[in-house]
*Asks:* 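Structure incoming, see below.
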Amino acid sequence: MDNYGFLSILPPIIAIVLALRTKQVYVALLFGIWFSWVIINDWNFLTGTLAAIEGLVNVFKSPGNTRTIMFSALVGALLLFIQYSKGVEGFINQINRVILYFEKKQSGYSRVVVQLMALLTGILLFVETSISSLTVGTLYRPVFDKLKIPREKLAYIADSSSAPSSILIPFNAWGAFIMGLLLTQGIENPFGTMLASIAYNFYPILAIVIVFVVIIGKKDIGPMGKAEKRTRETGKLLSDTAKPMLSSEITSFESKAGIKAKAYNMVVPLATMVFMMPINLAYTGWGAVEDASSFSDHLFKAIGNGSGSSSVLYAVLTAILVAMVMYRVQKIMKTKEMIDLTLKGISELMPLALLMLLAFAIGDACNALGTGQFIANWSKDWLSPAFLPAVIFVISSLIAFSTGTSWGTFAIMMAISMPMAEIHGAPLPLIVAATLGGGVFGDHCSPISDTSIISSMASASDHIDHINTQLPYALIGGLVTVLLYVILGLIMI
C-alpha cells in the first residue's frame, strides 16, 4: 500500500493527543511509532511490532540523528561540571549585583531586566537553535529560580528566541539548508530570495515581539498566567504534577566545598561551546565549497555548507575538554572526579536522549506513511490563488505539528510551494516566507519537537507544561500571521 491517505495523519495526531492528555510523552510517542508501523504492515500486529523495533534501531543509521542524541546526553556532563566548580554560583553572584542595582531604582524591575537579558541572549545565539536554548536555560535558570519566575516562563523565552532568531538571521546551518532546498527547485538566486523572504516571515518576528511585550507588559495569559500566579503565591517553580526534564541531581548538584565561586568557571565553557559552533560549521563545510572567489567568500560558503549536528556535538565536546583543563589547573577536580562526573551527567540525561530517539523515530515513521505529502496534496483541489500564502502557512504548520520537525517540513513543502507559486504567479519571497514561518509555528506548538524538548530540558521544566503555557502565545502569533498573509495575498496575487 503506497498511499495511506487519511490513515497517514492518525499516528502523529494520536501521539500528540495522548501526550497532552496523559503527560506520558514516552508512552505516547512509542504508541504513535508502533501504530504507524502496524498501518504500514497492513494491520499485521506481529510484523508491525517488529518493524517498530527496527524503526527505533534505524534512527541510528542517520549520522545526524546519532550526533544529536549524543549531544543531548553529553550536555549532562557539562551541566554537572559548571555546578560542581561553583561556576553557576559565581554567575549568580554577578547577576545579583545587576538585580540589586535595578531593584533600588524600582521594586520588581529586576524581574523584567533578567527576562529581557535571557531573550537577548537567545536572539544573539542565532547560530544554532540547540545551543541557543541550552545556553539560555542553563545560564538563567538559577537566576529565574531566585526571582521566583516559573520554569515554564524560562522555557518559553528559550524556545521562542531560538528558532525565530535562527531563521531571521540565516547565517547558519538553517540558511544553508534553506538555500539548498531553493537551489533544488531551480531558483537562480537562492541567497537573495531567502533574504527577501525575511521581510514577509511574520511568525518568527511576531514570536519575538510577543515575548518582549509579555515581559515588558507583565501580562501573562492562560496557563502561563496561572503558572505566574502559582509561583507568586506559593513560591513553587513547577506545578504539583510536573515532571521536570532535568532531575534534581542536575539542577541542584552540590558544589565542591572549600573553593571560591567564580563566574568564569561557568561562562568560559559555555562561551567555548557557542564560539566553536561557527568554527565547526566552517570546518565541516570547507571541503564542499568549489567556486569561492576569496578567503572570506570561502569561509561564508563553508559555514553555509557545514553540518549542524556535527558542529553542536564537536562544540559540546570541546566545552567539556576546556572545562576539564580549567578545573584541573585550578585543582578543583582530579581526573577520577571528572570521569565520574561525566558518566553521572550522561546517565542523568539518558531520559532526554531516549525522548530524542523517539521523536526522530516517529518522524521517520511519518515519512514512511507520507504524512506531510498527504496534507500538502489535500489542498490542491480547493486552493484559491489569493489565499495561497495563508494556506501554505497553515499546511506547513500542520505538517510541522504532526511530525515535530521544521526542517522536515521545509523539505516537504518547498517542493510543493515553489511550483504552486510559479503556477499562480505569486511572489517567491512571500511564498518562501509562508513555508518557513509555518514550519517554525507548527514546531513551536508540537510536543514532539526536538527544539521544544531541549528548551524544556535546559530550563528543567515539565515538557507538557511548557507546551501548554507557550501555546496561547504561539496561537496569537499564528492567527495574526494568517490574517497578514490573507491581506497580502489579496493585494499581491
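A quick note: this is a predicted structure, and the numbers were derived from the prediction, not measured.
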*Asks:* Is it true that the side chains of Q115 and Y140 contain a donor and an acceptor less than 3.5 Å apart?
*Replies:*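 There is no such pair (donor and acceptor under 3.5 Å, judged by atom type) between the side chains of Q115 and Y140.
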*Asks:* Heavy atoms, side chains only, cut-off 4.5 Å: are L139 and M266 in contact?
*Replies:* yes
*Asks:* Grab the two heavy atoms, one from A319 and one from P269, that are nearest each other, plus how far apart they are.
*Replies:* CB-O, 3.3 Å
*Asks:* I need the minimum non-hydrogen distance between A361 and L56, along with the two atoms involved.
*Replies:*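 Shortest heavy-atom separation between A361 and L56 comes out as CB-CD2, 3.6 Å.
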*Asks:* Report the C-alpha distance between D462 and S456 in whole Å, list the side-chain angles of each, state the deciding distance to 0.1 Å, and finish with yes or no for side-chain hydrogen bond (donor to acceptor under 3.5 Å, both in side chains).
*Replies:* CA-CA 6 Å; D462 180 281; S456 298; over 6 Å; no
*Asks:* Quick check: do T284 and S311 have side-chain heavy atoms less than 4.5 Å from each other?
*Replies:* yes
*Asks:* Among V136, V211, V114, whose side-chain contact (heavy atoms from CB on, under 4.5 Å) with L119 holds?
*Replies:*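 With L119 as partner, side-chain contact (heavy atoms from CB on, under 4.5 Å) holds for just one option, V211.
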*Asks:* When you look at OH of Y283, are more than 12 heavy atoms from neighbouring residues, nucleotides or ligands closer to it than 6.0 Å?
*Replies:*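 Check fails, neighbour count at 12 or below.
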*Asks:* List the atom of N201, the atom of G437, and the distance in Å for their closest heavy-atom pair.
*Replies:* OD1-CA, 3.2 Å
*Asks:* Identify the two heavy atoms, one from S455 and one from H466, that lie closest to each other, and give their separation to 0.1 Å.
*Replies:* CB-NE2, 4.2 Å
*Asks:* Carefully, step by step, assess Y473 and I221 under the rule side chain to side chain contact (heavy atoms under 4.5 Å, CB included).
*Replies:* CA-CA 8 Å; Y473 302 118; I221 60 174; 3.6 Å; yes
*Asks:* First locate atom OG of S449, then atom CG of D159, and finally report the distance between them rounded to the nearest 0.5 Å.
*Replies:*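 Output value for this atom pair is 6.5 Å.
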*Asks:* Quick one: are S452 and I467 in side-chain contact, heavy atoms under 4.5 Å?
*Replies:* yes
*Asks:* Are F401 and H444 an aromatic pair by the rule of ring centers under 6.0 Å?
*Replies:*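 No, ring centres 6.0 Å or more apart.
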*Asks:* Start with the C-alpha distance between L475 and F441, add both sets of side-chain angles, then the distance that settles side chain to side chain contact (heavy atoms under 4.5 Å, CB included), and finish with yes or no.
*Replies:* CA-CA 8 Å; L475 288 175; F441 170 58; 4.0 Å; yes
*Asks:* Using modelled atom types and a 3.5 Å cut-off, is there a donor and acceptor pairing between side-chain atoms of S165 and backbone atoms of S162?
*Replies:* yes
*Asks:* Keeping S446 on the side-chain end and G442 on the backbone end, is there a donor-acceptor pair under 3.5 Å?
*Replies:* no
*Asks:* Does the side chain of N265 reach to within under 4.5 Å of the side chain of K262, using non-hydrogen atoms?
*Replies:*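 Yes - at least one pair of side-chain heavy atoms lies under 4.5 Å apart.
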*Asks:* Distance check, rounded to the nearest 0.5 Å: L270 atom CG versus T138 atom OG1?
*Replies:* 6.0 Å
*Asks:* Should the pair E152-K226 be classified as a salt bridge under the 4.0 Å nitrogen-to-oxygen rule?
*Replies:*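 Looking at E152 and K226, the cut-off is not met.
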*Asks:* Establish, from distance only, whether the side-chain atoms of R141 and S459 form a donor-acceptor pair under 3.5 Å.
*Replies:* no
*Asks:* Hey, what's the ring geometry for F81 with Y327, parallel, tilted or perpendicular (30° and 60° as the breaks)?
*Replies:*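 F81 and Y327: perpendicular rings.
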*Asks:* Is there a donor-acceptor contact under 3.5 Å from the side chain of E337 to the main chain of K334?
*Replies:*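 Such a contact is found between E337 side chain and K334 backbone.
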*Asks:* About how many Å separate CD1 of I123 and CD1 of I157, when rounded to the nearest 0.5 Å?
*Replies:* 10.5 Å
*Asks:* When rounded to the nearest 0.5 angstrom, what is the spacing between CG in D465 and OG in S239?
*Replies:* 4.0 Å
*Asks:* Is it true that K236 and D240 have a side-chain N and a carboxylate O under 4.0 angstrom from each other?
*Replies:*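 Salt bridge present between K236 and D240.
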*Asks:* Indicate yes or no: does K229 engage D220 in a salt bridge with an N to O separation below 4.0 Å.
*Replies:* no
*Asks:* Between D340 and K344, is there a salt bridge with N-O shorter than 4.0 Å?
*Replies:*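 No salt bridge links K344 with D340.
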*Asks:* Can a side-chain donor-acceptor contact be found between T451 and D443 if the only test is distance below 3.5 angstrom?
*Replies:* yes
*Asks:* Which atom pair, heavy atoms only, marks the closest approach of M273 to L78?
*Replies:* SD-CD2, 4.0 Å
*Asks:* Using salt bridge (Lys or Arg N to Asp or Glu O under 4.0 Å) as the criterion, point out the one residue from K219, R111, K218, R151 that pairs with E228.
*Replies:* R111
*Asks:* Let me see the working for I149 and L154 under side chain to side chain contact (heavy atoms under 4.5 Å, CB included), right down to the final yes or no.
*Replies:* CA-CA 8 Å; I149 302 172; L154 178 57; over 6 Å; no
*Asks:* Which atom pair, heavy atoms only, marks the closest approach of S197 to A433?
*Replies:*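 The pair with the smallest heavy-atom distance is O-CB, 3.3 Å.
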*Asks:* Looking at S62 and V59, would you say the former's side chain and the latter's main chain have a donor-acceptor pair under 3.5 Å?
*Replies:*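 No: the side chain of S62 does not pair with the backbone of V59.
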*Asks:* Going through the distances and angles, do L80 and T342 end up as a side chain to side chain contact (heavy atoms under 4.5 Å, CB included)?
*Replies:* CA-CA 8 Å; L80 283 191; T342 300; over 6 Å; no
*Asks:* Does a side-chain heavy-atom distance below 4.5 Å link I33 with L358?
*Replies:*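 Yes, their side chains come closer than 4.5 Å.
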